[in-house]
Amino acid sequence: MQQGEAAGFLTGFLHPISGLDHVLAMVAVGLWGAQLGAPAIWVLPVAFPLVMAMGGMLGLMGVAVPGIEYGIATSAILLGAAVMLEMRPPLVVTAMLVGVFAIFHGHAHGTELAPGQSALLYSMGFVMATGCLHALGIGIGVVHRWTWGQKLLRAAGAVVAVGGVFFMWKALA
Amino acid sequence: MKRLSSSRLLTCAVVALAVVLRAEPAEAHLNSTGMGPIYDGLMHFLMSPEDLVPALALALLAGLRGAAYGRRASFTLPVAWLVGSLFGLTAAATTGSAVLTSLWFLLLGGLVIADAKLPLSAMTALAALCGLVHGYLNGTGMGQSGFAVVTLFGLTSGVFVLIVLAAAFVVQLRAHWARIAVRVAGSWIAASGLLMLGWSFRGS
């Protein structure tokens, strides 16, 4: 493994963690999955990386997706609102909603490889970091079994939604 | 995905072979550990994600299906890997095709996600095909090395150890959430393959 290859993994791993918009939305996916319980709690973390990678692939192939920044901000707003209101749509609707947002995140973040770095390790790092953020959300979501935890999760959803509004404001400015 | 038909498997084999045959000439490299060719081969495998991850994915898949599948894959994959690499030694130097690597990530990751209930014969064929293809690509990269055959024994030992440990670990998982975690790992593998495919199209 060459030095550039190791750097590729680190770059890919740190990229999603360093963007607060991405962090908020990914953690919200985990929180929502934890609120919804099975099977959503595992369908969302399985489906999200795949659809996100499809978004990244579209970006790499030069397929433009309009309104990326708005889409990412909207994802934080709607996912945060879903957690805040503890919404329970059918699983198909939930998966489709999360999937659409995954395309925006993959398109925006999955394609920024520095010259000389390994594309494979960058991709693996990027996907693994995103998965870890989902796991963080699910881990926090464990508190949903207690009444105070349910309130806490709703408050966390509100924080995510407010963050989304902030990013939307920045995108519009 | 209930069963992988033999005709579909044959199609996959033909596609894989076609991609291998059009592999591009490039800089074959073998990292030296300073501890001899056995360890060079072992480290080459452990430090090459394009080889390591498909072997790991196959181990996860076999482990999800049970001990019989794990045992079959544990012996089929390293033997096929060794045979493929010995064939590769006689070929011109090539580098592993990124497209081929991506397709293996996608195929094996997808099967892990689906917790595909493959028949034992299909698992054997899959392990053999994976070993032959990756071994061939490894072998072509080591033709210049003076101790290539010894190196390949080290490499296939690494394949054997990895698949035995990983498959055995998954076989003994009983908790529902633990098996789901394995399938999530399959999702990560497939997603990495999909992104890698994009990079291949772009020409990184």
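Just so we're on the same page: letters track the sequence lines, and every chain starts at 1. All values derive from a computational prediction rather than experimental measurement.
Near-neighbour residues of residues 140-173 of chain A relative to chain B, defined by a heavy atom under 4.5 Å from a heavy atom of that chain, are none.
In this structure, the portions of A/Met124 lying under 4.5 Å from any heavy atom of chain B include both its backbone and its side chain.
Side-chain polar atoms of A/His105 and A/Ser75 form a donor-acceptor pair below 3.5 angstrom.
B/Ala73 approaches B/Ile163 most closely through the heavy-atom pair O-CD1, 3.6 Å. In terms of heavy atoms, A/Met26 sits closest to A/Leu133 at CB-CB, 3.6 Å.
A/Gln35 places a side-chain N or O within donor-acceptor distance of the main-chain N or O of A/Val83, the cut-off being under 3.5 Å.
If you take OG on B/Ser48 and CG on B/Leu155, they are separated by 7.5 Å, rounding to the nearest 0.5 Å.
Residue pairs that meet the ring pair (Phe, Tyr, Trp, His ring centres under 6.0 Å) test with at least one member in residues 28-54 of chain A, sequence neighbours left out, are A/Phe48-A/His134.
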